[in-house]
Amino acid sequence: MNPDPPREVDVDVDVDDRMINASKGQVNGPITPDHQPGAEFSDVGIHTNSCGMQKGDCYSDSNLNFDEVNEMNDSNAKEEVNLNHQVQSNGGNGYNDYMPTIKAQAQCPKPQPPPDEPNVERTHSVSLPESMPSIGKYIRDRSSTLSAAIVKRLSSLKEDGEEFFGKNDSLKFEVTEIQIPGVKVTVKLKSEDDGFDFKGRITFFSRSNCRDCTAVRKLFREKRLPYVEINIDVFPKRAKELMERTGKSEVPQIFFNDKLLGGLVTLNSLRNSGELEKRMREWLSQKCPDAAPKIPVYGFDDDQEEEEEEEEEKDELLGIVKMLRQSLPIQDRLIKMKIVKNCFAGDDMLESIIHHLDCGRRKGVETAKQIARKHFIKHVFGENDFEEGKHFYRFLEHEQFITACFNFRTAVNDSEPKSPSFLADRLAKLMSAILEAYASDDRHHVDYYRIGKSEEFRRYLNLTRDLQRVDLQLLTPDEKLAFFLNLFNAMVIHAVVTIGHPDGILNRRAFFNDFQYVIGGYPYSLSVIQNGILRNNRKSPYSLVRPFGKGDRRLQFAPAKVNPLIHFGLCNGTRSSPTVRFFTAQGVEAELRSAAREYFQNGAIEINLERRTVSLTRIIKWFSVDFGAEKEVVKWVMNYVDAAKAGLLMHLLADGGPINMVYQDYDWAGNL
């Protein structure tokens, strides 16, 4: 319908000398409208005058006159309402929008007059008349009446199959992407056949550092399927269940509810044939039964058998140590012009052992040395394990550094020290499982919050207590290298979970120097591990002193020669550091080379042949003493870059010209 240009219409309603002039927006006195039967379908234009009021006037294609009957209070006066052809807003020259609607029907409820409002002080507006609440109430009541009539009319049209609005096929579209500045929202449309009522549970058994398990995990993530992973390196007691359910120990083994699907080969076969969705609909549309593999529960997955085993592994010397803790005179003493707290004399300890065991002096000395080798006691100045004479010792729990160690709780772990090889392997598998579950596939982003709440991390914290009295001398050189690399990366994760990412130079210094573990009876901070152990007691950047003084017993664990590749195996939790990873003792050298190659191929080196400039990671500048002279660095880097960059470096070295070395900015933001 294309209406003619609207003409101005004045609607005057005169009831007992009280009048409404709708075209001027003036109201005098209250009114109570009734509805005339026989109202017809027409169009309504809604206009707004200069003061913000809305007024609705009826119009149609032809002139329309009708009577509207109103009963006002006690009078039965009837007024005639004359409506002209169309309505135009005050002062407006353009056309208003039109919306199809209908007039109020006779059977609609009669609007009630507004109740008398109490006299309340109000804030007055100079542009609105004082009686605006009355006309506002009227308009709201009128709108409710019209809305009810419109809904009823549209419902009748729908039932009759009539088309009320014109069709426009050009408006039929599907939104698949929404662009917002800084945000991209993608809408994935699904047909009714694509989804199903997912009530079951997907469970699969895995191991750490398993390629097939990684592929299964990646497939489930891509399909956005929730799953439960039972890593038998984290939950070793579940390996027996795996064997009972599948008859094999190989992983991965996938279960849909209590039904065994199979391994990666079966999963890929079903996916390629299109049977995977069918199998999921068939098995996962039902609630998971009790016969399915149980979900690991935080803090409750260890059974009573494991607790009994720990009870049996109490150190055989623990009885003697408990006696010494109760009988020895422990006090502060002045030794070599220093006040030494909580110490005791070695001779007193020896006499107590001889009396307790009822043995000779030789056996008493040997027993005291065994107690010292198991790190129950330490010499106050670290001079020896145990010797007869005027020497003074203290228990490990009385060391000044012990309360600052984050793997110490309320007491020293008195259990028999576990094999260091077992602990090193267990640590690597636990932390690898944590990364596989709570880090991105490229390891550039780590979810520290979820790690801190996980069962894997709780078990790692329990494992760190076993490091308090471990004997690291039993490790091979490769085992030591892998152990300290893994320990550094694990401690960084623990530090971020516990105290957060450091901001600022001072906080970073405290982060690397104050966060420490007690390992084998000695404190190890992040800086001590990196610079004292892995770098063989070299100064840290911008430091004037070495980590270890002369005669420090921790030096025996440092490698004879510094391997510069260690810098690409250490992740300090920042965006510019190498990605976090954990190493195996059997392949630590190859794994370090792979880590260095990955780091350099991800932007740690840029080459500008025209300017003869090589831009390198700032790590090489900070630890330049480990890499050698600049030309030696260029030759060394050639082994870990791709063929194109290696060719450019070879060209720069071959012509004998100068090479400008620049270093990239380091991003200290967290790898969240």
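Nearest heavy-atom pair across Gln400 and Thr403 is O-OG1, 4.1 Å. Smallest separation of non-hydrogen atoms from Arg221 and Glu436: NH2-O, 2.8 Å. Of all heavy-atom pairs spanning Phe511 and Val496, the tightest one is CZ-CG2, 4.1 Å.
Classification of Glu399 and Lys341 as a salt-bridged pair fails, no side-chain N sitting under 4.0 Å from a carboxylate O. Ion pair Glu598/Arg581 flagged as a salt bridge, since at least one NZ, NE, NH1 or NH2 atom sits closer than 4.0 Å to an Asp/Glu carboxylate oxygen. Between Asp626 and Arg535 there is a salt bridge, since at least one side-chain N of the basic residue sits less than 4.0 Å from a carboxylate O of the acidic one. The existence of a salt bridge linking Asp233 and Arg459 is excluded, since no basic side-chain nitrogen approaches an acidic carboxylate oxygen closer than 4.0 Å. Ionic pairing of Arg458 and Glu455 is present here: one or more N-O contacts between side-chain nitrogen and carboxylate oxygen are shorter than 4.0 angstrom. With respect to the salt-bridge test (charged N to carboxylate O, under 4.0 angstrom), the residues Glu397 and Arg325 qualify.
Residues His567 and Tyr599 place their aromatic rings such that the two centres sit no closer than 6.0 Å. Aromatic ring centres of Phe395 and Phe344 lie closer together than 6.0 Å. Ring centers of Phe457 and His494: under 6.0 Å apart, within the cut-off.
Note on ring orientation: taking the six-membered ring where Trp is involved, the planes of Phe568 and Trp636 are parallel (angle under 30°, cut-offs 30° and 60°). Relative ring orientation between Phe484 and Phe557 is described as tilted, the plane-to-plane angle lying within the 30° to 60° band.
Residues Tyr522 and Lys378 have side chains that bring a donor and an acceptor to within less than 3.5 angstrom of each other. In summary, the side chains of Thr476 and Asp478 do not present any donor paired with an acceptor at a separation below 3.5 Å, with no hydrogens or angles considered. In this structure, a donor-acceptor pair under 3.5 Å is present between the side chains of Asn671 and Tyr448.
Asn231 places no side-chain N or O within donor-acceptor distance of the main-chain N or O of Ala433, the cut-off being under 3.5 Å. Proximity of a side-chain donor or acceptor of Glu591 to a complementary backbone N or O of Thr584 within less than 3.5 Å is detected.
By the 4.5 Å heavy-atom criterion applied to side chains, Tyr227 and Arg217 are counted as neighbours. In this structure, Asp442 and Thr579 have side chains that are not in contact, with every pair of non-hydrogen atoms separated by 4.5 Å or more. Looking at heavy atoms from C-beta onward, Pro559 lies out of side-chain contact with Ile566 at the 4.5 angstrom threshold. You'll find the side chain of His444 reaches within 4.5 Å of the side chain of Asn602, heavy atoms only.
Rounded to the nearest 0.5 Å, atoms OG (Ser527) and NZ (Lys539) are 13.5 Å apart.
For Arg469 and Phe376, the positive end sits near the middle of the six-membered ring, less than 6.0 Å away and at most 45° from its axis.
Among Arg553, Lys369, His379, the one residue that satisfies the side-chain hydrogen bond (donor to acceptor under 3.5 Å, both in side chains) test with Asp385 is Arg553.
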Subject >> Stepwise side-chain hydrogen bond (donor to acceptor under 3.5 Å, both in side chains) check, Asp348 with Tyr393 >> reply: CA-CA 10 Å; Asp348 293 341; Tyr393 303 87; over 6 Å; no
